[in-house]
Amino acid sequence: MTTSTFSEKPKFIEDSAFDLGEAVSFVEQPILEKKNISGAEAVILSLIAEQVEAVFGYPGGAIMPVYDALHGYNDKLKHYLVRHEQGATHAAQGYARVAKRAGVCFATSGPGATNLITGIADAMIDSTPLVCITGQVARHLLGTDAFQETDVIGISMPVTKWNFQVTRADEIAEAIAKAFYIAESGRPGPVLIDITKNAQIEMCDFVYRKCTRVRSYVPQLPIKMKAINEAAELINHAQKPMFLIGQGIILSQAQEELKKVLEKSGAPAASTLLGLSALSHTHPNYVGYLGMHGNYGPNVKSNEADVIIAVGMRFDDRVTGDLKTYLKKAKIIHIEIDPAEIDKNVKTDVAIISDAKEALIALLPKLKQKTYPEWMAEFKECDRIEKEKVLDKDFAPNTEKIKMAEVIKMLSEKTKGKAIIVTDVGQHQMTTTRYYQFEQTQSNITSGGLGTMGFALPASIGAKIGRQDREVIAIIGDGGFQMTLQELGVIMQYEVGVKIVILNNSFLGMVRQWQQLFFEKRYSFTEMHNPNFVKLAEAYNIPAKKLEKREDMSNVLDLMLDHKGSFLLEIVVEKEDNVFPMVPAGASVSNIRLE
C-alpha cells in the first residue's frame with residue numbers, strides 16, 4: 001500500500017483564500033478556546049488539542065515566533081531538536097509508524113523547508129501520516145525572492161497528500177485541524193502547512209474544533225458486497241490460492257482479521273517488504289517474503305497460483321518483476337483503500353475498494369473451510385531448495401569474516417523476534433528483512449518505496465520515543481549511517497535508548513553487488529574509507545564497541561542488548577558478500593537467482 005500517481009491526487013480546496021463555507025465540517029463542540037492570542041500560540045494550542053506529544057524540528061528566523069510560543073508549553077508538548085531537518089521528517093515517520101498517529105515536525109523557510117522534502121516524499125510513497133509545519137516569510141514579501149523565501153507549496157505539492165499556505169492568524173486552527181484529518185484518514189500520508197511570519201505574529205481569537213469532513217475528499221468508499229461475493233466465489237473454487245499481504249494490513253489494524261481469513265480459507269500468504277510483521281513468521285500459512293531479495297517460494301509460486309488475493313499492497317515493481325510475465329495464470333482480487341492503485345500495474349478481476357480490515361470482516365463469513373496440503377507442500381520444497389542453495393552458505397560460511405546473515409539470525413534469536421527493527425537501505429536492509437523473524441506486529445520500520453539512505457538512525461529515534469516500552473534496534477550500513485550520523489546528537493541530548501548496529505563492509509554494498517553481477521566487477525566509486533565509528537559514538541557520549549571475530553559475536557550482542565540506554569555496535573562483515581535470492585531488475589519473478 002503506497003502512493004497514488006501524483007496526477008490523480010485529489011484537489012481538496014481550489015481557492016487560495018481558504019473560504020471554508022460548506023467545504024469542511026468540524027465537530028460542533030470546541031476542544032480548546034482562548035481569546036486574543038498570537039497565531040504562533042494558536043499553532044501550539046492546535047497541536048495540544050490534537051493530543052500531540054512529540055514534535056521534531058529545527059528553529060530558524062521564519063518560524064521563530066512558533067518556537068517562542070512553544071517555550072511556554074514545554075510541560076505539555078515535548079520538542080526534540082534534530083541536527084538536520086531531514087532528520088525531523090524521518091524521526092516523525094518512525095514515531096508515526098509505531099504510535100498509530102501522525103508524526104509532527106517543524107522547520108523554518110527556505111533551506112529548512114526544502115530539507116524536509118526527502119522525508120516527505122518517503123512518507124508519501126510509504127503511506128505514513130505526517131503533519132509538517134514550516135515558517136514562511138511575511139505575506140507582503142511573498143514572491144519577492146526575500147531572504148530564505150522558497151515556494152515550498154509548489155515544491156511539496158507532488159509529494160504531499162495536501163498542502164496549504166496560511167497567511168492570516170485566524171486561519172491557523174482550521175488549517176491544522178484539516179491537516180490532521182487528511183493525514184490520518186483513508187490512505188495515510190504527509191501534509192504540509194506553510195505559515196507566513198505575519199500570521200504567526202498577528203492576534204486572533206482561538207477556537208479549535210476537530211475536522212470531520214472535507215468536501216471532494218472521500219477517504220474511504222463503502223464496500224460493495226457484490227465484489228465481496230465475487231471474491232469469495234473465486235477463493236472457494238481455487239486450486240492454488242495465494243494471499244499477498246502489504247502494509248495496508250498494519251495501517252488498518254487488520255492483523256487478527258487476516259489470521260482468521262487465512263485459517264478458514266487455508267491459503268498460503270506472502271508478505272511485501274512493508275507488510276512484514278503483519279503476520280507472525282511462525283504462522284502456519286505464512287510462506288515468506290516477496291520481492292527482489294525475497295524468498296524463493298513465494299516469488300516463484302506466485303506465477304503458478306490460480307487466484308491471487310492482494311490486500312493493502314500496490315504491486316510495486318520490486319514485487320512484480322516483469323509485468324508481461326507476472327500472474328498470467330491467476331484471477332486477481334485486489335483489496336485496496338486507494339482507487340488509484342486498482343489496475344495501475346496489474347489488471348484486476350475483482351476490485352474491493354475498501355479499508356483492509358472492513359473488507360476481511362465482510363469476506364470471512366463467505367469463505368469455505370478449506371486446506372491445501374499439496375499446494376503448501378510445494379512451498380516447503382522451495383524452502384528446501386533455498387536452504388540448500390542460500391541459507392546453508394549464509395549460516396555456515398567458509399570465510400573468517402562475519403556474514404550479515406549470521407548477525408541478523410543471532411539477533412533475531414536473542415530478541416525472540418520481538419524488537420522493533422529499523423533498517424536503512426541496502427544489503428543490510430534486505431538481509432535483515434529476510435532473516436529477522438518478526439513475532440510481534442508493527443515491528444518492521446524501513447524506507448520502502450523511496451529507498452532513502454540515511455532513514456534508519458533518525459527513524460529509530462522517533463520509533464523509540466513513540467514506543468519507549470519496546471526495544472528499538474537500528475540496523476544500518478556504513479554508507480547510510482554517514483548520511484545522518486549527526487542525529488547521534490539527539491540521542492545524546494535526550495537520552496534516547498536506541499541500539500545501533502552498523503554492518504560495516506566498507507562498501508556501498510548493494511551498488512557493489514550490482515556492479516559485480518551486471519557491470520563485470522567494475523567497482524566504480526563504491527568502496528568507502530570509513531571513520532572510527534566507535535570514537536564517533538564516544539564523542540556523543542554513547543557507549544560503543546567494535547566486533548570483528550565470529551567467536552565473540554554472541555557475547556558482544558548480549559552486552560549491547562543488556563545495556564540500559566543507547567549503544568552503538570560496529571560489526572565488521574565480509575566485504576564482497578552478496579544477498580540472494582535475487583530477481584534481476586526487469587526479469588520475471590520465475591527467473592529468480594539463487595546464486
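The structure presented is a predicted model; accordingly, all values stated were derived computationally and were not measured.
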Below 4.0 angstrom, N of the basic side chain to O of the carboxylate: do Asp355 and Lys357 qualify?
no

Would you say Arg318 has more than 12 foreign heavy atoms packed within less than 6.0 Å of its CZ?
no

Please step through side-chain hydrogen bond (donor to acceptor under 3.5 Å, both in side chains) for the pair Gln93 and Asp122, ending with a clear verdict.
CA-CA 9 Å; Gln93 285 178 273; Asp122 193 288; 2.8 Å; yes

Worked verdict on Glu341 versus Met313 for side-chain contact (heavy atoms from CB on, under 4.5 Å):
CA-CA 9 Å; Glu341 293 298 338; Met313 55 87 72; over 6 Å; no

Geometric class of the Trp162/Phe164 ring pair [parallel <30°, tilted 30-60°, perpendicular >60°]:
parallel

Measure from NZ or CZ of Lys370 to the centre of the six-membered ring of Tyr372, then state whether that distance is under 6.0 Å and the direction lies within 45° of the axis.
no

Using a distance-only test with no angle check, is there a side-chain donor-acceptor pair under 3.5 angstrom linking Glu50 and Tyr208?
yes

Decide side-chain contact (heavy atoms from CB on, under 4.5 Å) for Val579 and Met430; before the verdict, give the C-alpha distance in whole Å, the side-chain angles of both, and the deciding distance to 0.1 Å.
CA-CA 7 Å; Val579 184; Met430 295 295 99; 4.0 Å; yes

Does the side chain of Glu439 pick up a donor-acceptor pair with the side chain of Thr282 at under 3.5 Å?
yes

As an exercise, state the distance from CD of Glu304 to NZ of Lys328, rounded to the nearest 0.5 Å.
16.0 Å

Test side-chain contact (heavy atoms from CB on, under 4.5 Å) on Ile420 and Phe438 and set out the steps.
CA-CA 9 Å; Ile420 293 174; Phe438 295 98; over 6 Å; no

Return yes if a side-chain donor-acceptor contact under 3.5 Å exists between Glu263 and His283, otherwise no.
yes

Starting from the C-alpha separation in whole Å, work towards a yes-or-no answer on side-chain hydrogen bond (donor to acceptor under 3.5 Å, both in side chains) for Lys178 and Tyr217.
CA-CA 11 Å; Lys178 184 181 172 190; Tyr217 168 53; over 6 Å; no

Counting heavy atoms not belonging to Gln369, are there more than 12 under 6.0 Å from its CD?
yes

Are any of the side-chain nitrogens in Arg434 or Glu386 under 4.0 Å away from the carboxylate oxygens of its partner?
yes

Hey, are the side chains of Lys259 and Glu257 touching, using non-hydrogen atoms and a 4.5 Å cut-off?
no

Under a 4.0 Å threshold between the charged nitrogen and the carboxylate oxygen, would Lys76 count as salt-bridged to Glu53?
no

SB check Glu378 Lys301 (cutoff 4.0 Å)
yes

For the pair Glu171 and Arg168, find out whether any cationic side-chain nitrogen is under 4.0 Å from an anionic carboxylate oxygen.
yes

Pair Ile465-Phe56, side-chain contact (heavy atoms from CB on, under 4.5 Å): steps then yes or no
CA-CA 11 Å; Ile465 289 166; Phe56 306 91; 3.6 Å; yes

Under the side-chain hydrogen bond (donor to acceptor under 3.5 Å, both in side chains) test against Gln429, which residue among Thr423, Thr446, Asp424 passes?
Thr446

Glu358 and Gln220 side chains, donor-acceptor separation under 3.5 Å:
yes

Between Thr441 and Gln255, does the side-chain hydrogen bond (donor to acceptor under 3.5 Å, both in side chains) criterion hold? Intermediate values first, please.
CA-CA 8 Å; Thr441 193; Gln255 295 91 331; 2.8 Å; yes

Test item: side-chain donor near acceptor, Ser443 and Ser277, under 3.5 Å:
no

Please say whether more than 12 non-hydrogen atoms of neighbouring residues, nucleotides or ligands are located less than 6.0 Å from NZ in Lys347.
no

Could you check whether atom NZ of Lys260 has more than 12 heavy atoms from other residues, nucleotides or ligands sitting under 6.0 Å from it?
no

Measure from the side-chain N and O atoms of Tyr436 to the backbone N and O of Asn444, and report whether any donor-acceptor pair falls under 3.5 Å.
no

Audit row: Ser590, Asn303, side-chain hydrogen bond (donor to acceptor under 3.5 Å, both in side chains) steps and yes/no:
CA-CA 7 Å; Ser590 298; Asn303 269 357; 2.9 Å; yes

Look at atom NZ of Lys240 and say whether more than 12 heavy atoms of other residues, nucleotides or ligands are closer to it than 6.0 Å.
yes

If I take atom CG from residue Asp194 and atom SG from residue Cys132, how far apart are they, to the nearest 0.5 angstrom?
11.5 Å

Output all residues satisfying ring pair (Phe, Tyr, Trp, His ring centres under 6.0 Å) with His281, sequence neighbours left out; order by chain, then residue number.
Tyr286

